[in-house]
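Each remark here refers to the structure printed beneath this line.
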Amino acid sequence: ATAYSMLVQCYIQENMVNVALKLTYQMKSLDILPSVGVCNSLLGALLCGEQIDYAWEFLEEIQCRGMGFDVSIINLFLQKYCSDSNLRSAWKLLMEMKQCGISPDIVAYTIFINSLCKQSLWREAVSILFKLTAVGISIDSVSVSSVINGFCKVGKMEEAFNLMKVFNISPNIYIYNSLISRFCSDGNMIAASNMFHEMSESGLSPDCFCFTTMIRGYCKIGDMNMAHNVLAKILKRGIKPSVVTYTILVDCCCESGDMEMAEYFFQDMMKEGLAPD
RNA sequence: CUAACAUUGAUAGAUUA
């Protein structure tokens, strides 16, 4: 069974999903049941590659054979609906899974909540959070950060801070980055850098996303020195900058007509082994 | 039964008739 599982995983990584699928069916005919992990990777790959019919077919097979069937598998389908903005089907699935004896977990609800926020339905998102606490599902920082990000995107900062208080969540780097990102968009680099320091001082290590957000902020107010500074900090810390990091810098230089600087950042990106997109 | 591994959710840039 382990050998089969590893093979399947490898085929998926090599983008040979169909081979992996066949192999899994072969396992079943030998009465070897693939684990939940294997089913998950396979379904994830199928849904990602828009081979949705195969995915459903495989799901049925999973149910019939009594293979590892749990909430994480359903969550993949939920995620698929939500990334297609098909909230109605997602909600239907949430309801139906209960009837199959699988109760949605915080991950399932977070997928849905996140999708609500993306469509500016914050009230609904928050009300689900409250309902969950009422039925004894504990709210984690991921679910809250999803809503906070939604609030930050539209500048509802008070609501964002409030939510943290209400659910007694201390900010992690995702939450900090959402907040900082708002300040950067507003060109308020004083607030942004204060937040950034607060984050570092509370023992969290900012990642490439956080630094990139700061770079975007400094670029926005035309402070290329500080932007450059932040980039230097990233490299010094041994964090890998991304294509996005450099794109922001190059874009900013181009806009201000400083082609020399733009060229410099572009070359630097290549040196880091990053391919422009 | 235990352990290990694998699997599902949140954050940054650019594209607009």
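Note that this is a predicted model, so its numbers are computed, not measured. All chains are named by letter (A, B, ...) in the order of the sequence lines, taking the proteins before the strands, and each is independently numbered beginning at 1.
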Distance in angstrom units between [X] [atom1] and [N] [atom2], rounded:
{"X": "A:Met97", "N": "B:rU8", "atom1": "CE", "atom2": "P", "answer": "16 Å"}
{"X": "A:Gln79", "N": "B:rU8", "atom1": "CD", "atom2": "P", "answer": "10 Å"}
{"X": "A:Phe151", "N": "B:rA10", "atom1": "CZ", "atom2": "C1'", "answer": "15 Å"}
{"X": "A:Met195", "N": "B:rU11", "atom1": "CE", "atom2": "P", "answer": "19 Å"}
{"X": "A:Ile137", "N": "B:rG9", "atom1": "CD1", "atom2": "C1'", "answer": "14 Å"}
{"X": "A:Leu132", "N": "B:rG9", "atom1": "CG", "atom2": "C1'", "answer": "13 Å"}
{"X": "A:Ile111", "N": "B:rU11", "atom1": "CD1", "atom2": "P", "answer": "12 Å"}
{"X": "A:Asn75", "N": "B:rU8", "atom1": "CG", "atom2": "P", "answer": "11 Å"}

### Task
Inspect the surroundings of CD1 in A:Ile190 and state if more than 12 heavy atoms from other residues, nucleotides or ligands are less than 6.0 Å away.
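Not buried by this count: 12 neighbours or fewer within 6.0 Å.
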
### Query
Quick check: are there more than 12 heavy atoms from other residues, nucleotides or ligands sitting under 6.0 Å from CD of A:Glu50?
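Atom CD in A:Glu50 is packed in, count exceeds 12.
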
Locate the shortest heavy-atom distance separating [X] from [Y]; write the atom from each residue and the value.
{"X": "A:Lys80", "Y": "A:Ile52", "value": "CE-CD1, 3.7 Å"}
{"X": "A:Cys219", "Y": "A:Ile248", "value": "SG-CG2, 4.0 Å"}
{"X": "A:Ser185", "Y": "A:Lys220", "value": "O-CE, 2.9 Å"}
{"X": "A:Ala20", "Y": "A:Thr24", "value": "O-OG1, 2.6 Å"}

### Query
With A:Asn177, which of A:Thr213, A:Asp207, A:Thr212 fulfils side chain to side chain donor-acceptor pair (under 3.5 Å)?
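Passing option: A:Thr213.
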
### Minimum-distance nucleotide (side-chain atoms of A:Asp207 versus B:rA10, B:rU8, B:rU11)
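Nearest listed nucleotide: B:rU11.
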
### Message
If you only use heavy atoms from C-beta on, which nucleotide in B:rU8, B:rA10, B:rA12 is closest to the side chain of A:Lys118?
### Response
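For the A:Lys118 side chain, the nearest candidate turns out to be B:rA10.
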
Measure distances between side-chain N and O atoms of [X] and base N and O atoms of [N], and say whether any donor-acceptor pair falls under 3.5 Å.
{"X": "A:Asp140", "N": "B:rG9", "value": "yes"}
{"X": "A:Ser242", "N": "B:rA12", "value": "yes"}
{"X": "A:Ser145", "N": "B:rA10", "value": "yes"}

### Task
Please lay out, stage by stage, how A:Asp258 and A:Ser256 fare under the test side-chain hydrogen bond (donor to acceptor under 3.5 Å, both in side chains).
CA-CA 6 Å; A:Asp258 190 346; A:Ser256 64; 5.5 Å; no

### Query
Would A:Asn149 and A:Ser146 count as having a side-chain donor-acceptor pair, cut-off 3.5 Å?
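No, no side-chain donor-acceptor contact under 3.5 Å.
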
### Query
Taking RNA chain B as the partner, which of residues 80-91 of chain A come within under 4.0 angstrom of it by heavy atom?
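Nucleic-acid contacts, sorted: none.
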
### Query
With a 4.0 Å cut-off on heavy atoms, is A:Thr110 in touch with a base, just the backbone sugar-phosphate, or nothing at all?
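Here A:Thr110 touches the bases of the nucleic acid.
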
### Task
Both distances under 3.5 Å, Watson-Crick or G-U wobble: on that basis, could you give the dot-bracket string for RNA chain B, with [ ] for crossing pairs and | for other-strand partners?
.................

Kindly list each side-chain donor-acceptor pair under 3.5 angstrom involving residues 266-277 of chain A, sequence neighbours excluded, with atom names and distances?
unit_1: A:Gln267; atom_1: NE2; unit_2: A:Glu263; atom_2: OE2; d: 2.9
unit_1: A:Asp268; atom_1: OD2; unit_2: A:Tyr246; atom_2: OH; d: 3.2

### Task
Show your reasoning for whether side-chain contact (heavy atoms from CB on, under 4.5 Å) applies to A:Val250 and A:Cys253.
CA-CA 5 Å; A:Val250 172; A:Cys253 293; 5.9 Å; no

### Message
Tell me whether the rings of A:Phe130 and A:Phe167 are parallel (<30°), tilted (30 to 60°) or perpendicular (>60°).
### Response
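Ring orientation of A:Phe130 relative to A:Phe167: tilted.
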
Each nucleotide N or O in nucleotides 3-7 of chain B that has a protein N or O under 3.5 Å away: list the pair and distance.
unit_1: B:rA6; atom_1: O2'; unit_2: A:Gln9; atom_2: NE2; d: 2.7
unit_1: B:rU7; atom_1: O2'; unit_2: A:Asn40; atom_2: ND2; d: 3.3
unit_1: B:rU7; atom_1: O2; unit_2: A:Asn40; atom_2: ND2; d: 2.5

### Message
A:Tyr109: which residues meet the ring-ring contact (aromatic ring centres under 6.0 Å, His included) condition with it, sequence neighbours left out?
### Response
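Listed in chain order: nothing, the list is empty.
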
### Task
Answer whether the closest heavy-atom distance between the side chains of A:Thr245 and A:Cys208 falls below 4.5 Å.
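A side-chain contact under 4.5 Å exists here.
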
### Query
Ring centroid separation for A:Phe265 and A:His228, is it under 6.0 angstrom?
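Judged by ring-centre distance (under 6.0 Å), A:Phe265 and A:His228 do meet the cut-off.
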
#### Entry: Near-parallel close stack of A:Tyr174 and B:rU11 base (under 5.5 Å, under 30°)
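Base of B:rU11: not stacked against A:Tyr174.
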
List, with names and distances, any nitrogen or oxygen atoms from the protein found under 3.5 Å away from nitrogen or oxygen atoms belonging to nucleotides 13-17 of chain B.
unit_1: B:rG13; atom_1: N2; unit_2: A:Asp277; atom_2: OD1; d: 3.2
unit_1: B:rG13; atom_1: N2; unit_2: A:Asp277; atom_2: OD2; d: 3.2

